[in-house]
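When a ligand or atom number is given, it counts from 1 through the structure's own listing order. Only a predicted model underlies this, so the values are computations on that prediction, with no experimental measurement involved. In this chain, residues are counted from 1 in sequence order.
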Amino acid sequence: MTEPNTAKIAALVRQLLVELGEDPDREGLVKTPDRVAKALAFLTHGARIDKRAVINEALFTQKTSSMVIVKDIELYSLCEHHMLPFFGRCHIGYIPDGRVFGVSKLARIVDMFARRLQLQERLTEEISKMVMEEIGAKGVGVMIEARHLCMMMRGVEKQNSTMVTSSVLGVFREHLATREEFLSLVKTR
Ligand SMILES: [Zn+2]
């Protein structure tokens, strides 16, 4: 996918400011269209990454069949309904099938799927599928706890609500005990 034309986006943002009743030429706003264009290009660039580039490094061969848990991976994304941020933490657990990922790679997978217009549910599934299919894990569980600015800034009584989503595949789906082990390990602080 080609990179977005930031000059074109900046012109649209300038027009947006006018429509919102602002003066795009006042001092504080002069550079805003450019900044917004660059920020949006960055915040959506995960959709333009070739996922093979993320997979193609740092797979370690390791003989273990115990559960690997990586907790509290920071997550920042944009909800596709409002183009407003949602943010929180992602927890990933998997049972390796001969190979394990480096922790930084799991974080890069999360970033790749988060940096685009997203839904939390789909983000959770995409991460779990990638871990399952690309590592060849025996099972995987992904849980995301996130707060959505589209709810927090607009609604009332929703300021403190956290949305929790999870996706389990393989043995995490088939075996209740494995799933429960994952959930209890993720919950302990
Ligand atoms: Zn939203």
Inset, instruction - Just give me the atom name: the N, O or S atom of H82 closest to the Zn ion (ligand 1). - result: ND1
Inset, instruction - Locate the shortest heavy-atom distance separating T162 from R147; write the atom from each residue and the value. - result: OG1-CG, 3.8 Å
Legend entry - Any side-chain donor near an acceptor of the partner, H175 and E180, under 3.5 Å: no
Legend entry - E145 versus H91, side-chain donor and acceptor atoms under 3.5 Å: yes
Inset, instruction - Measure from the Zn ion (ligand 1) to each N, O or S atom of C79 and report whether any distance is below 2.8 Å. - result: yes
Legend entry - Metal proximity, H148 vs the Zn ion (ligand 1), N/O/S cut-off 2.8 Å: no
Inset, instruction - Provide the closest heavy-atom pair for R116 versus S77 in the form atom of the first, atom of the second, distance. - result: O-OG, 3.6 Å
